[in-house]
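Here's the structure we're looking at; comments come further down.
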Amino acid sequence: MSVIIIAVAAESGVPIFSRKRGSNDNVQFSTIASLHGINMFSKCHNISMVDTKVDNGTIIWKEYCKSITLIGIVTGGLDCDIELLLSYIYDLMIFCIGKKELESLKNIDQIKRDLRQCYPIMDYFLESLDPNCIPQTTIILDLIQSMLCPQAQQLQQVLDSYAEKVTGRWACLSIHGNLVATSSDFCELDPREARLLLLLASAQNGAPLRDTLVYLPQMSPNVAFRAVTCKLLADVYVLVVCGATPALSEIDEIVLQCWEGYTQIIKEAKLVYPRNVPASITFEPVLLGILFINIAKRRCVFSRHLHATNQKSRTMSANHRIDILRTFFITTAKDLATEFNIKSLDEKDTNNSLPCMSETYWCSEYHKCHAQRSGDFMCCALYAPSVHTHTMRLLTSKILQDLITSKEIYW
């Protein structure tokens, strides 16, 4: 499977960047020129070039703010995600350098240099389409990967106190790239902005304390905020969005004041990974993995380590289980949540008048999958092939209710 993303100036066709994931060769300049030429030729004839099929893949063109054209090439994978991928990459470009710079393109060479800071997060996005690579922080592109632990509510209170002391507004805590707790105001952000901030913390590369200028694509695309990321423990980061003050040295002192007494609580929260759900919730041995989704908050929880390590030999690797659940959700179970579909308002209004499905399933020789929705929550479950279909329904329903009603789960 291969994914290639190319950005060019819409008018001149000057390449801005090219990123790839997979086995395909790098795209030559002549090929980029040809792809841009096809799009320009279509525009000259008042035709919008949307996409085209190639051998075992798709090429898609998408123009943004009349200045940037993104070209996506996907072969041998889930090409249904490519339009969403381009939309995320455009938001990422705004996130790093602001919308005004992209609209004007006054100095393309400078923009090329500035956009290099996007590459680590962009690579996470590309990996999300690759079934051979399961990144820690980006498994499903349009959902915020989370971890549910009993300590989340207490950690939120600390986050609120920390954000207040640094005169910040939005703050979040991540463990192994999973969102664990957020400040009270964090829900004000668009889910995509929250995703980008979480990925910014995950791309910290071990720096203990760092501040970065960021633009929020929906809330503030032209005025930069200051995102301060601090490493609390190994694989544990706290990020806060604040103003120009206080200085980084002062924030370092505030971090010690706020978090030093909560080291043990954070260590206890870390123990929930990679199960990602509290140990008090038990599962049947035939259950191989779950994907639990909070539809309203666009957050998801993957768990493939449901049982003790001394369990009988496993039939498939942990990464394989995640890939099956991810593929099941993207191709089938996503239809249970019409809120995730990218459609026009008229289409949405039409669909809202139709009855929605509440469950769906897959059956194969090697495994079975079942998904069920209840209100704003959905559970996709992966079972051993020996489980009967009617038994899957009962088990998934029980899992969903246990997760919804558990007093140890706090989003």
Side-chain angles (χ1 to χ4, degrees), residues 1-106 108 111-112 114-116 118-119 121-130 138 141-142 192 196 217-218 221 330 340-345 347:
M1 187 252 182
S2 176
V3 187
I4 301 173
I5 301 298
I6 303 165
V8 299
E11 293 298 327
S12 64
V14 174
I16 298 173
F17 66 77
S18 175
R19 304 296 292 173
K20 81 179 188 77
R21 174 81 196 180
S23 57
N24 279 11
D25 297 332
N26 291 323
V27 181
Q28 301 296 322
F29 177 79
S30 57
T31 304
I32 296 176
S34 298
L35 290 171
H36 177 67
I38 293 170
N39 188 46
M40 291 299 293
F41 178 82
S42 302
K43 287 173 64 176
C44 291
H45 291 79
N46 295 321
I47 299 172
S48 178
M49 190 68 183
V50 179
D51 61 39
T52 186
K53 298 293 181 182
V54 295
D55 291 342
N56 194 29
T58 300
I59 302 175
I60 185 170
W61 290 261
K62 198 78 174 178
E63 187 174 309
Y64 295 94
C65 61
K66 298 181 180 180
S67 60
I68 299 285
T69 299
L70 292 179
I71 304 170
I73 306 170
V74 176
T75 55
L78 295 171
D79 57 23
C80 57
D81 273 346
I82 186 63
E83 185 174 351
L84 182 63
L85 175 66
L86 295 186
S87 178
Y88 259 100
I89 288 177
Y90 173 64
D91 281 347
L92 174 61
M93 294 165 71
I94 295 176
F95 182 74
C96 290
I97 68 173
K99 193 172 183 179
K100 284 183 180 177
E101 291 293 327
L102 293 177
E103 288 177 336
S104 63
L105 288 184
K106 289 181 179 178
I108 291 184
I111 287 175
K112 286 181 182 180
D114 292 342
L115 285 175
R116 287 174 186 166
C118 295
Y119 292 169
I121 298 178
M122 201 177 297
D123 290 341
Y124 279 130
F125 288 154
L126 298 186
E127 287 174 359
S128 72
L129 297 182
D130 188 351
T138 308
L141 197 61
D142 50 346
R192 290 196 180 189
L196 291 170
Q218 303 298 323
I330 291 173
F340 294 154
N341 295 336
I342 303 175
K343 295 182 179 178
S344 67
L345 292 175
E347 288 176 317

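Side chains are part of it too, since the values below use all heavy atoms of this structure and drop only hydrogens, waters and symmetry mates.
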Do you know which two heavy atoms are closest between Leu85 and Leu126, and how far apart they sit?
CD2-CD2, 3.9 Å

Ile5 side chain reached by Ile82 side chain, heavy atoms, under 4.5 Å
yes

Please name the pair of heavy atoms, one in Lys66 and one in Ala10, separated by the smallest distance, quoted to 0.1 Å.
O-CB, 4.0 Å

Sequence neighbours excluded, which residues qualify as side-chain contact (heavy atoms from CB on, under 4.5 Å) partners of Ser104?
Lys106

Closest non-hydrogen atom pair, Ile60 against Val50
CG1-O, 3.2 Å

Once side-chain hydrogen bond (donor to acceptor under 3.5 Å, both in side chains) is applied, do any residues pair with Asp114, and if so which ones, sequence neighbours excluded?
Gln110

Contact between Met93 and Leu70 at the side-chain level, heavy atoms closer than 4.5 Å - yes or no?
yes

Please step through side chain to side chain contact (heavy atoms under 4.5 Å, CB included) for the pair Glu101 and Leu115, ending with a clear verdict.
CA-CA 11 Å; Glu101 291 293 327; Leu115 285 175; over 6 Å; no

All pairs passing ring-ring contact (aromatic ring centres under 6.0 Å, His included) where residues 56-75 contributes a residue, at least two apart
Tyr64-Tyr90

Point-to-point distance, once rounded to the nearest 0.5 Å, from CD1 of Ile89 to CD1 of Ile121:
11.5 Å

If the condition is salt bridge (Lys or Arg N to Asp or Glu O under 4.0 Å), which residues does Asp123 pass it with, not counting sequence neighbours?
Arg19

With sequence neighbours left out, the residues meeting side-chain hydrogen bond (donor to acceptor under 3.5 Å, both in side chains) with Lys99 are none

Where do Ile68 and Leu105 land on the side chain to side chain contact (heavy atoms under 4.5 Å, CB included) test, with the steps shown first?
CA-CA 9 Å; Ile68 299 285; Leu105 288 184; 3.9 Å; yes

Minimal non-hydrogen separation, Pro15 against Val8, with atom names
CA-CG1, 4.0 Å

Contacts of Asn39 that satisfy side-chain hydrogen bond (donor to acceptor under 3.5 Å, both in side chains) - sequence neighbours left out:
none

Who passes side-chain contact (heavy atoms from CB on, under 4.5 Å) against Lys100, sequence neighbours left out?
Asn222

With rounding to the nearest 0.5 angstrom, report the CZ to CD1 distance, Phe340 to Ile330.
11.5 Å

Partner set under salt bridge (Lys or Arg N to Asp or Glu O under 4.0 Å) for Lys62, not counting sequence neighbours
Glu83

Value rounded to 0.5 Å, distance of OG1 in Thr69 from CD1 in Ile6:
11.5 Å

Hey, could you give me the CD1/CD1 distance between Ile4 and Ile73, rounded to the nearest 0.5 Å?
4.5 Å

Could you tell me which residues satisfy side-chain contact (heavy atoms from CB on, under 4.5 Å) with Pro217, sequence neighbours excluded, listed by chain and number?
Asp91, Ile94, Phe95, Glu193, Leu196

Quick one: salt bridge (charged side-chain N to carboxylate O under 4.0 Å, His left out) pairs with a partner in residues 26-39, sequence neighbours left out?
none

Return the set of residues passing salt bridge (Lys or Arg N to Asp or Glu O under 4.0 Å) with Glu63 (not counting sequence neighbours), or none when no residue passes.
Lys43

Applying ring-ring contact (aromatic ring centres under 6.0 Å, His included), which residue pairs with at least one partner in residues 5-43 are found, sequence neighbours left out?
Phe41-His45

Kindly say whether Leu102 contributes a backbone atom to a donor-acceptor pair with the side chain of Ser67 at under 3.5 angstrom?
yes

Considering all heavy atoms, the nearest Leu92-Cys118 contact:
CD2-O, 3.7 Å

